[in-house]
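One structure is given here, and the rest of the page talks about it.
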There are 2 protein chains.
Amino acid sequence: MPRTDRKKAEASARPPVQPAETFRRSRHDRALETAQDYVEAIADLTAAQGEARVVDLARRLGVTHVTVNRTLARLQRDGYVSTKPYRAIFLTPGGSRMADECRQRHQTVVAFLQTLGVSAKAAELDAEGIEHHVSPETLAAFERFIKKH
Amino acid sequence: MPRTDRKKAEASARPPVQPAETFRRSRHDRALETAQDYVEAIADLTAAQGEARVVDLARRLGVTHVTVNRTLARLQRDGYVSTKPYRAIFLTPGGSRMADECRQRHQTVVAFLQTLGVSAKAAELDAEGIEHHVSPETLAAFERFIKKH
DNA sequence: ATTGAAATGTATCCATAGCTACATAATGGT
DNA sequence: ACCATTATGTAGCTATGGATACATTTCAAT
Ligand SMILES: [Mn+2]
Ligand SMILES: [Mn+2]
Ligand SMILES: [Mn+2]
Ligand SMILES: [Mn+2]
């Protein structure tokens, strides 16, 4: 059996938890970020101005309308939105459910950070990324903390 | 001027903060995730077994050795690591500095979540993703909370 | 009804980040 | 010294997500 031991390997055998799992979870969460941000934005825009258009999403997300178009095609393929050429964008029931969860979670993460003493500005900036990696267990802990303070 | 007003637009003009900025920040953080996870893993492996090899990184990160190879080429291009064919991987001074920061921040995020009542398992899983979106201000708030509890 | 500006769509390019399949190098056990 | 196993490297595929340049469609003002 070649290549088995390393320069000073015999000390610690294997780490207690498989670290590969944490990275896989992190990558999995990252893959859902786009869908979550889009459905959340579509729900926000529809609530705020009656409809969500491609330009609105592009402005809101800080990308070009081309990126929005291709992403919407993927979201439609995956059953989150329904679009017709040159028309407004609508969430499917599934997309609407996801949007509700994301809005709620986003709100909780922002409120939690502010309760902790983080400025409104930094809380909003950090939450936009953090929200996608907060498990239900951690979200519950955030909510407990908010209620207690 | 066509296409100016929307179905019930005149109510709220523009949101208080430009939301596009938060998404740009989030995407920027996301782009650094890979580099941060790799240098952190290289530092860990080097500390634990004297050297970091491609196979070790592949096992640790849960990807194939091919993915590790291409990523290392990018990290070398960007000045974080130095590699020679069929040899172990070394961090440059810059890579080492980044690794130290990442290890410290990772540790803080995990400890913070546990202090908040999150289980060790969930804390580790969530921290792997959250860490990359925690600003210095929020990190400082986490540290204050840990010290106070 | 016309028409020009805005919105939307399409073609094509680039970088990142995963994979399988195959080729070559290194090394420990014999 | 040999060689089988392991480690490493390379070729080429896919998907996501960003961009610019150009084409087409809509729609509000005239
Ligand atoms: Mn987000
Ligand atoms: Mn959000
Ligand atoms: Mn990480
Ligand atoms: Mn980490």
Side-chain angles (χ1 to χ4, degrees), chain A residues 1-7 9-10 20 23-38 41-42 45 49 51-78 80-90 129 132, chain B residues 1-7 9 20 23-38 41-42 45 49 51-78 80-81 83-90 129 132:
Chain A
M1 62 187 83
R3 290 284 180 80
T4 40
D5 42 53
R6 284 296 158 68
K7 275 174 183 164
E10 32 270 319
F23 290 105
R24 274 193 245 269
R25 230 289 300 271
S26 188
R27 283 196 299 272
H28 175 260
D29 292 342
R30 198 169 53 191
L32 305 176
E33 278 190 36
T34 304
Q36 294 177 353
D37 286 341
Y38 270 70
I42 292 167
L45 288 165
Q49 30 181 244
E51 59 178 18
R53 312 287 310 210
V54 172
V55 234
D56 300 322
L57 284 171
R59 244 193 308 269
R60 164 79 65 116
L61 299 167
V63 296
T64 65
H65 79 277
V66 185
T67 299
V68 171
N69 255 348
R70 252 199 304 77
T71 305
L72 287 176
R74 228 176 320 120
L75 293 178
Q76 185 159 38
R77 179 199 67 190
D78 297 344
Y80 295 119
V81 307
S82 119
T83 73
K84 278 187 287 194
Y86 296 100
R87 296 287 159 227
I89 300 136
F90 295 99
H132 308 284
Chain B
M1 63 187 79
R3 290 284 181 80
T4 39
D5 44 50
R6 284 296 157 67
K7 276 176 181 161
F23 290 105
R24 275 193 245 268
R25 229 286 301 271
S26 189
R27 284 196 299 271
H28 175 261
D29 292 342
R30 199 168 55 192
L32 306 176
E33 278 190 36
T34 304
Q36 294 177 354
D37 286 341
Y38 270 70
I42 292 166
L45 288 165
Q49 29 180 247
E51 59 177 19
R53 312 287 312 210
V54 172
V55 236
D56 301 322
L57 285 171
R59 245 193 306 270
R60 165 77 66 116
L61 300 167
V63 296
T64 66
H65 79 277
V66 185
T67 299
V68 171
N69 255 347
R70 249 197 309 74
T71 305
L72 287 176
R74 230 177 317 121
L75 293 178
Q76 185 159 39
R77 180 199 65 191
D78 298 343
Y80 295 120
V81 307
T83 73
K84 278 187 287 192
Y86 295 99
R87 296 288 159 227
I89 300 135
F90 295 100
H132 308 285

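Each chain gets a letter, A, B and so on, in the order the sequences are listed, and its residues count up from 1. Atom set for the values below is all heavy atoms of this structure, side chains included, hydrogens, waters and symmetry mates excluded.
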If you check the A/R53 side chain, which of C/dA7, C/dC19, D/dT8 turns out closest? C/dA7
Close side-chain approach of A/L32 to A/H132, heavy-atom, < 4.5 Å: no
I need the CZ-C1' distance between A/R59 and C/dA6, as an integer number of Å. 10 Å
Considering just the side-chain nitrogens and oxygens of A/T67, establish if one lies under 4.0 Å of OP1 or OP2 belonging to D/dG17. no
Between CD1 on residue A/I89 and CD on residue A/Q76, distance to nearest 0.5 Å: 10.0 Å
Identify the two heavy atoms, one from A/E51 and one from A/A88, that lie closest to each other, and give their separation to 0.1 Å. OE1-CB, 3.7 Å
Whole angstrom value for the distance that separates P of C/dA15 from CG of B/D78: 12 Å
B/L45 CG to D/dA7 P, in whole Å, measures 14 Å
Rounded to the Å, how far apart are A/R27 CZ and C/dT16 C1'? 13 Å
Gap separating the CD1 atom of A/I42 from the CZ atom of A/F90, nearest 0.5 angstrom: 10.5 Å
Can you list every pair that meets salt bridge (Lys or Arg N to Asp or Glu O under 4.0 Å) and has a residue in residues 26-38 of chain A, with sequence neighbours left out? A/R25-A/D29, A/R30-B/E33, A/E33-B/R30
Heavy-atom distance under 4.5 Å between the side chains of A/Y38 and A/L75, does that happen here? yes
Identify, residue by residue, the members of residues 83-90 of chain B with a heavy atom below 4.0 Å from DNA chain C, and return them in order of residue number, or none. B/Y86, B/R87
Tell me, for nucleotides 10-15 of chain D in 5' to 3' order, what letter each nucleotide earns: B for a base near a protein heavy atom under 4.0 Å, S for only sugar-phosphate near one, - for neither? BB----
Roughly, in whole Å, what's the span from CZ in B/R24 to P in D/dA19? 8 Å
If you look at every heavy atom in A/R53 and A/Y86, which pair is closest and at what distance? NH2-O, 3.0 Å
Looking across every strand, which nucleic acid part, if any, lies under 4.0 Å from B/R30 by heavy atom: base, sugar-phosphate, or nothing? sugar-phosphate
So B/V55 and B/H65, do their side chains get closer than 4.5 Å, heavy atoms only? no
Report which part of the nucleic acid A/T71 touches: base, sugar-phosphate, or nothing (heavy-atom distance under 4.0 Å, all strands). nothing
Working to the nearest 0.5 Å, report the span between CZ of A/R74 and CZ of A/R70. 7.0 Å
To the nearest angstrom, the CG-C1' distance between A/D37 and D/dT16 comes to 14 Å
